[in-house]
Undergrad: 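Before we start, here is the structure in question, set down as C-alpha cells.
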Number of protein chains: 4
Amino acid sequence: MSGSIEIAGDQLRAIIERIEQVEEEIKELTDAKKEIYMEAKGNGFDVKILREVIRMRKQDPAERDEQASLLDVYLQAINGASPAGKKAA
Amino acid sequence: MSGSIEIAGDQLRAIIERIEQVEEEIKELTDAKKEIYMEAKGNGFDVKILREVIRMRKQDPAERDEQASLLDVYLQAINGASPAGKKAA
Amino acid sequence: MSGSIEIAGDQLRAIIERIEQVEEEIKELTDAKKEIYMEAKGNGFDVKILREVIRMRKQDPAERDEQASLLDVYLQAINGASPAGKKAA
Amino acid sequence: MSGSIEIAGDQLRAIIERIEQVEEEIKELTDAKKEIYMEAKGNGFDVKILREVIRMRKQDPAERDEQASLLDVYLQAINGASPAGKKAA
DNA sequence: CACTGGAAAATGCCGC
DNA sequence: GCGGCATTTTCCAGTG
C-alpha cells in the first residue's frame, strides 16, 4: 500500500537531489564565465563584441554566410521597394 | 528584371513598418509607466519596494495555485506515467 | 493616527492599479507584435533576420560602423596572434 | 609593425579559449541534467511536473521571506521616504 | 561615470 | 515543422 509510494518517494528524492546538484555545478561555472568576462572588461575588451566573436565561432561558416546574404537580400528589398521608382534601375 | 532577389519588397516594408509602429506605442506606454513611478517617488513612496509589491501581485495567483496543489504534484510525479487513475495497473 | 496611513493606503492602491493597467496594455501590444512576426513567418519571411533588420534600423549608422569595425579588429587580432609566426609579416 | 591594430591578440585568444572551455563544461553538465530527466521519465515520472517541483524548491526560501514581510513591505512603501524610524516626521 | 541589479527581448530546445 | 518553455543575453535605471 504505502509500499510503492515509499519507493517512488525515495526515487523522487534521489532524482531531485541529483538534478539540484548538477544545477549547482552549472551555476558555479556560469559564475566563472561571468568573471572571465569581467576580467576581460577590466583589461579593456568590449564584452559585447567578445560575445559576438564567440557566437560566430560556434556557427559554421556556411551557415554564417547564408545568414549574411539573406540579410543583404532583405535590406536591398527594403531599399528597392516602392520609393522613387528605381524598381529595375 | 531582378527576379528572385526582388522578394516581396513592399510586403517586407509593410511588415517592418507595422512592427515599428507597435514598438513605438509600447515605448510610449513604457514611458508612461516610468512617469507613474517617478510621481509616486515624488509622493514619498519607495520605488524599489513598489516594484516588488507589483511583482508579488503578479506572481501571487499562480503561486497560490501551485502551493495548493503541491501535494498533488508530488503524487502525480510519483506515478505520472499512468494518466487516468490506473491505480496500480 | 490611522489617518495618514489610510490616505497613503488609498494613494498606494491607486498607484498600483494605474501601473497594472499600463502593464496590461503593454502586454496586449507585445502580443500584437508577436502576431505580426508570426504572420510574417507564415508568409515565408525569416523572423530572426527580420529582427536583425529592425535592430539595425534603430541604431544610428555611425554607431553601427563602429561596432562592425571593432568586430573586425577582434577577428583579425585572433587570426594574427601567435600561430605560425606571422607576427609582423 | 601593425601598431594599434595588433591589440593584445594573444590575450584575446586566451580569453576566448577560456570562455569556450567553460562553456564546454557547462554543456556537458547540461547534457547530464537532460539525461537525468530522461532517466526519470523512463522510470515513470512526469518531467514537466518534476521541473515544477524543482523550480518551487528554488523559489521557496525567497518566497517565504517575501510572504512573511508583505505587510512590512506595504508599510515601508507608504513611508519609504523616511528611512530610519522617523515615526511621523 | 562605471557597476550592479532587475526588467525585457531573443535565441535555442523539446515535445507534439 | 511548429508552438511553447526555459535559458541566455541585452538593455536600462539607480547608486556609489
Side-chain angles (χ1 to χ4, degrees), chain A residues 19 22-23 26-27 29-31 33-35 37-56 58-59 63 67, chain B residues 19-20 22-23 26-27 29-31 33-38 40-41 45-56 58-59 62 80 83, chain C residues 19 22-23 26-27 29-56 58-59 63 67, chain D residues 19 22-23 26-27 29-31 33-38 40-42 46-56 58-59 62 66 80 83:
Chain A
I19 290 171
V22 173
E23 288 190 341
I26 289 173
K27 190 183 183 314
L29 287 171
T30 298
D31 289 349
K33 194 170 101 173
K34 263 183 222 156
E35 276 183 47
Y37 274 117
M38 283 312 141
E39 182 192 329
K41 180 178 188 168
N43 289 334
F45 291 96
D46 182 314
V47 172
K48 195 180 172 197
I49 304 291
L50 228 37
R51 283 184 197 280
E52 190 169 351
V53 170
I54 288 178
R55 206 181 321 125
M56 284 175 65
K58 274 202 270 250
Q59 215 173 27
E63 195 183 350
Q67 284 215 337
Chain B
I19 291 171
E20 285 175 344
V22 173
E23 289 190 340
I26 289 174
K27 191 183 183 314
L29 287 171
T30 298
D31 289 348
K33 195 170 100 171
K34 265 180 227 162
E35 276 183 46
I36 298 174
Y37 274 117
M38 283 312 139
K41 181 177 189 169
F45 292 95
D46 181 314
V47 172
K48 190 177 188 315
I49 291 177
L50 226 38
R51 282 184 196 280
E52 191 181 351
V53 170
I54 287 179
R55 179 163 33 88
M56 286 179 64
K58 264 202 284 263
Q59 286 175 348
Chain C
I19 290 171
V22 173
E23 289 190 340
I26 288 173
K27 190 185 182 313
L29 287 171
T30 298
D31 289 349
K33 196 171 100 173
K34 261 182 225 157
E35 276 183 46
I36 299 173
Y37 274 116
M38 283 312 141
E39 182 193 329
K41 181 178 188 168
N43 288 335
F45 291 96
D46 182 314
V47 172
K48 192 177 175 201
I49 304 290
L50 227 37
R51 284 183 196 281
E52 190 170 353
V53 170
I54 288 178
R55 207 183 316 128
M56 285 174 66
K58 272 202 271 251
Q59 213 173 28
E63 196 183 349
Q67 283 215 338
Chain D
I19 290 171
V22 173
E23 288 191 340
I26 288 174
K27 191 183 184 316
L29 287 170
T30 298
D31 290 348
K33 195 170 101 173
K34 266 179 225 161
E35 276 183 47
I36 299 174
Y37 274 116
M38 284 313 139
K41 180 177 190 168
D46 181 314
V47 172
K48 191 177 190 314
I49 291 177
L50 226 37
R51 282 184 197 280
E52 191 181 352
V53 170
I54 287 180
R55 179 160 34 87
M56 286 180 65
K58 264 204 283 264
Q59 285 173 349
E66 281 178 0

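Just so it is clear: chains get the letters A, B, ... in the order the sequence lines come, proteins before strands, and each one is counted from 1.
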Undergrad: At under 4.0 Å between heavy atoms, which parts of nucleotides 1-14 of chain E does protein reach? Answer with one letter per nucleotide, 5' to 3': B base, S sugar-phosphate only, - none.
TA: --S---SS-SS-SS
Undergrad: Report the residues that fulfil side-chain hydrogen bond (donor to acceptor under 3.5 Å, both in side chains) with A/Lys34, sequence neighbours left out, ordered by chain and then residue number.
TA: none
Undergrad: Between C1' on F/dG3 and CD on C/Glu39, what's the gap in Å once rounded to a whole number?
TA: 17 Å
Undergrad: For C/Gln67 and F/dT10, give me the distance from atom CD to atom P, rounded to whole Å.
TA: 10 Å
Undergrad: Which residues satisfy the side-chain hydrogen bond (donor to acceptor under 3.5 Å, both in side chains) test with D/Lys48, sequence neighbours excluded?
TA: none
Undergrad: Could you tell me which residues satisfy side-chain hydrogen bond (donor to acceptor under 3.5 Å, both in side chains) with B/Asp31, sequence neighbours excluded, listed by chain and number?
TA: B/Lys27
Undergrad: Got a sec, which residues hit side-chain contact (heavy atoms from CB on, under 4.5 Å) with A/Lys41, two or more places apart in sequence or on another chain?
TA: A/Met38, A/Val47
Undergrad: For A/Glu23, enumerate each residue passing the side-chain contact (heavy atoms from CB on, under 4.5 Å) test, keeping only those at least two apart in sequence or located in another chain.
TA: A/Ile19, D/Lys33, D/Ile54, D/Lys58
